[in-house]
Amino acid sequence: MTPVPEVPATTSWRISLPHSVAAVPIARALIRTALAEIQPSADTDTAELLTAELVANAVEHTDGDDPIQLVVDLLEQRCQVEVHDGSPATPPTLTSELPPEPPDVWAEGGRGLLLIRTLSLSCGHRPTETGKAIWFTLPTADRPDGFRPAPR
C-alpha cells in the first residue's frame, strides 16, 4: 500500500487506554466524538469498526499492562487513526499480499486486518520507540471537483 503524504493535522488527540477489553468501547466512543468535530466527517461507522479492530488486536496480541495509545489526527481531507502498543511484532497480513483463499468462515478471528485493508483509504504500521503503531486513514472531505475518495 502506498503511504499518504504527511500533512500537518488540523486537530489531534492522543489518549491512553487500559490494556484490557474495556478499551474497545472506550475507543469506539472516542473516535465517534472526534469525528463529530469535523464536517464533512469520515464514515463514523467504518471508523468505529476499524478502530475497535486495532484496539482489540493490541489487547489480544501484546503482553503486559502498559496502556495502549489511541491517536486520532484530523487532516485536511482524511482522518488517520493510530493504535500504539508495546510490542515490536508487526502484523504479517496488514501490508503483505492478500491470502490466496478467504478466511475460514468458522474461525473466531482472522478477518480484522482484512477489514482494515479493504475499508480504509490506506493502512500500515511503523516502529515506535516503545513498540509499534498500526494505522489506517479514511477520507473526510470532498475535493473541489466533487470527488470523494472511496476506500479501496
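What you see below is based on every heavy atom in this structure, not just the backbone, and it leaves out hydrogens, waters and symmetry mates. Remember, predicted model here, so these are calculated numbers, not experimental data. Residue numbers run from 1 in the order of the sequence given.
At a threshold of 4.5 Å between side-chain heavy atoms, the hydrophobic network of Ile, Leu, Val, Met, Phe, Trp and Tyr places W13 and I31 in one connected group. When the side chains of ILVMFWY residues are joined at heavy-atom separations under 4.5 Å, either directly or via intervening members, V71 and L138 end up in two distinct hydrophobic clusters. In the hydrophobic clustering of this structure, L30 groups with V24; members are Ile, Leu, Val, Met, Phe, Trp, Tyr whose side-chain heavy atoms approach within less than 4.5 Å, directly or through other members. When the side chains of ILVMFWY residues are joined at heavy-atom separations under 4.5 Å, either directly or via intervening members, I26 and L70 end up in a single hydrophobic cluster.
When atom types are taken as modelled, the side chain of K132 and the backbone of G86 share no donor-acceptor pair closer than 3.5 angstrom.
Under the side-chain contact (heavy atoms from CB on, under 4.5 Å) criterion, P25 pairs with no residue, sequence neighbours left out. Residues passing the side-chain contact (heavy atoms from CB on, under 4.5 Å) test with A133 are E82, H84, R126, T128, sequence neighbours excluded. Listed by chain and residue number, S16, Q69 satisfy the side-chain contact (heavy atoms from CB on, under 4.5 Å) test with P67 (two or more places apart in sequence, or in another chain).
Scanning both residues, P91 and I134, for their nearest heavy atoms gives CG-CD1, 3.6 Å. The shortest non-hydrogen separation linking I68 to P18 is CD1-O, 4.2 Å. Across R28 and L49, no two heavy atoms sit closer than the pair NH1-CA, 4.2 Å. For the residue pair V59 and V21, the shortest heavy atom distance occurs at CG1-N, 4.0 Å.
Remark: of the listed residues D85, T62, D65, D63, T62 is the sole one forming a side chain to side chain donor-acceptor pair (under 3.5 Å) with H19.
We find the OG1-CG distance between T137 and L75 to be 8.5 Å, quoted to the nearest 0.5 Å. Put simply, CZ on F136 and CD1 on I116 are 7.0 Å apart, with the number rounded to the nearest 0.5 Å. Separating the CG atom in D43 from the CG atom in L35 is a distance of 9.0 Å, to the nearest 0.5 Å. Annotation: the span from W135 atom CH2 to D73 atom CG amounts to 12.0 Å, rounded to 0.5 Å. Atoms CD and OG, on E53 and S120 in that order, are 12.0 Å from each other to the nearest 0.5 Å. Atom CG of L54 and atom SG of C123 lie 9.0 Å apart (nearest 0.5 Å).
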Review point. Checking side chain to side chain contact (heavy atoms under 4.5 Å, CB included) for the pair V72/L74: CA distance, chi angles, key distance, verdict?
Key: CA-CA 7 Å; V72 181; L74 302 178; 4.1 Å; yes
